[in-house]
Visitor: 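Got a structure here, written out as structure tokens. Questions coming.
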Amino acid sequence: MKGRVLTSDVLLGIAPIALMIAVWQALISFGYAPATLLPPPGQVFMRLVRQLGNNEYQQDIAATLFRLFAGFAIAVVLGVGIGLAAAASPAVNAVVRPIVRVLAPLPKVALYPALLLLLGFGHESKITLVVADALFPILLSTYYGASMVEQKLIWSAMAAGTPPRQILFKVVLPAAMPSVLTGCRIGLVISCIVVFLAEMITSTDGLGHVLVTAARTFRAVDMFVPLITISLLGLILNGLLQWLRSYLLRGFPEV
Amino acid sequence: MIEISGVSQVFQTSGRQSHLALSNISLTIQDGAFVSILGPSGCGKSTLLYIVGGFVAPSQGTTRVKGKAITGPGPDRGPVFQEFALFPWKSVLGNVMYGPRQQGVSSAEAEAQSRQLIEMVGLKGFEHFYPKELSGGMKQRVALARTLAYHPAVLLMDEPFGALDAHTRTRLQNDLLNIWERDRKTVLFVTHSVEEAVFLSDKVVVMTRSPGRIKRIIDIDLPRPRRRAELLLDPHYQKYVVDIEGMIDDTSEDELHP
Ligand SMILES: Nc1ncnc2c1ncn2[C@@H]1O[C@H](COP(=O)(O)OP(=O)(O)O)[C@@H](O)[C@H]1O
Ligand SMILES: [Mg+2]
């Protein structure tokens, strides 16, 4: 039963993608878009397969993945840490709240030129930008999740002998986990977008850089390859996170 | 012995007003006694229980357990809440093992004890279920086992069977009595069911409508061990129920808060 539901879900998920590719092909077949600007999907996928075996392209993927992971991981640690601390301590909350109010709506990409000057063209500036963008959704959802934890769960643990300073990690964090993971999921999608964007703006390697270079030399097919690569990476990472989520939340009612 | 003397509780409400929830409560509970607190909703029964639990500090008055002032929660007083408050991320076994592990009992020893308790509350075979996979009655059995697992001298039960259907409720009342007969813990039991209070208790404390005061304390002189089928036919039991219902009637808000 569960298996059948899963396959029908997968089919439903694939259908719109198949439709998109069909429309893409149709645009070319019926002459709405010149093949030099919009290459046919078959050609793009063939190039993608060839590129995936190419050592240089693999290094670009590795550079992007490294920045993505490093930025996302730092954002998770900072976001969960600060969010928990703010929920646990009114003093921390009083400091964090105004900072978050000011910084959260700021378009972080505006900081990128300054980051480049400060940190250079390598990994650091891009990782910092990813952290800046992915941090807030994780921080906010951790904070709200941790603030909503049922008082009686905490009391039950305290009566069982858990000292107050351990309540945060033994009760509040696990109880807030559904909310924390929702924040992480949003943070991951943002990380994918931002790392690509940063590489497009200024970089010497990475998938975003590959796209910009191809665009500058009018190689349309090579422009689509990194685009599809980052989508696939996002899909795989999201799948992994989803799997981790269903493992960690196995005891929670469906959310 | 639990000594509650001159306890009052004032809450600040949203409109900068203060609300007197409990007024000058004094009550002594002997070791091993089963005492029920009965009263209309909002009269401060839960608040009184939270104060004894050490979860809430009273605005006035003192509370002592075995001569020691209550300053916070402790494993000598185990709560059981109407909402169960099980840890959703832990299995039945994990929930029950939590207390002993916090008390420094080794993992193997805690597991052995917990399995025994789970069997005692009638949930053998459900050790690896998660709370969401259990019915309300089963959840409350787990919550009781989780609390019993760290051997509190006092059980603080806040309408523990209030969310259950009549049949499940009766079964849990019987099982609770059986467990209590065995180790005679002190039980402070909040309920708004008169039958439940009389059936279970040595003493019933009737409270007035808000602000909560103690209206009457009734000793329930019925033989133990109590059998439900016999008790329901016992005129003494019936008289207790009718009398106490009469005391509650003139202060009751139960029609407003079913
Ligand atoms: N934390 C709180 N803040 C403000 N008012 C409260 C709080 N807890 C309880 N009260 C009020 O105190 C009164 C007694 O509540 P409670 O002890 O829950 O009553 P009971 O359990 O008898 O129904 C109620 O009027 C309730 O609204
Ligand atoms: Mg109550």
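Lettering of chains follows the sequences in order, A, B, ..., and the numbering in each one begins at 1.
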Visitor: Strictly distance-based, threshold 3.5 Å: is any side-chain N or O of B:Lys132 a donor or acceptor partner for the main-chain N or O of A:Gly251?
Guide: no
Visitor: With rounding to the nearest 0.5 Å, note down the distance linking OH in B:Tyr130 to CZ in A:Arg250.
Guide: 3.5 Å
Visitor: So, A:Thr162 versus B:Tyr98: side-chain donor-acceptor pair below 3.5 Å or not?
Guide: yes
Visitor: Looking only at heavy atoms, what is the nearest atom pair of B:Pro79 and A:Ala159, with distance?
Guide: CD-CB, 3.4 Å
Visitor: Would you mind checking which part of B:Arg146 comes under 4.5 Å of any heavy atom in chain A, side chain (CB onward), backbone (N, CA, C, O), both or neither?
Guide: side chain
Visitor: Looking at CD of B:Gln102 and CD of A:Gln166, how far apart are the two atoms once the value is rounded to the nearest 0.5 Å?
Guide: 6.0 Å
Visitor: Between A:Gln151 and chain B, with a heavy-atom cut-off of 4.5 Å, which part of the residue counts as in contact: side chain, backbone, both or neither?
Guide: neither
Visitor: Taking B:Pro75, B:Gly99, B:Gly54 one by one, which has the highest count of heavy-atom pairs under 4.5 Å against chain A?
Guide: B:Pro75
Visitor: State the OG-CZ distance between A:Ser156 and B:Phe55, to the nearest 0.5 angstrom.
Guide: 7.0 Å
Visitor: Please tell me if the side chains of B:Val56 and A:Trp155 come closer than 4.5 Å, counting only heavy atoms from C-beta onward.
Guide: yes
Visitor: What part of B:Leu86 lies closer than 4.5 angstrom to a heavy atom of chain A: side chain, backbone, both or neither?
Guide: backbone
Visitor: What pair of heavy atoms forms the shortest contact from B:Phe87 to A:Leu153, and how long is it?
Guide: CE2-O, 3.6 Å
Visitor: Which answer fits B:Glu133, side chain, backbone, both or neither, if we ask what part of it has an atom under 4.5 Å from a heavy atom of chain A?
Guide: neither
Visitor: Nearest 0.5 Å please: distance from the CZ atom of B:Phe81 over to the CD atom of A:Glu150.
Guide: 8.5 Å
Visitor: Are there over 12 heavy-atom neighbours, none belonging to B:Arg115, within less than 6.0 Å of that residue's CZ?
Guide: yes
Visitor: What part of B:Tyr50 gets within 4.5 angstrom of chain A, counting heavy atoms only: side chain, backbone, both, or neither?
Guide: side chain
Visitor: Highest number of heavy-atom pairs under 4.5 Å with chain A: which of B:Arg77, B:Glu83, B:Arg101?
Guide: B:Glu83
Visitor: With rounding to the nearest 0.5 angstrom, report the CG to NZ distance, B:Asp158 to A:Lys152.
Guide: 6.5 Å
Visitor: Can you check whether A:Ala160's main-chain N or O pairs, donor with acceptor, with B:Gln103's side chain at less than 3.5 Å?
Guide: yes
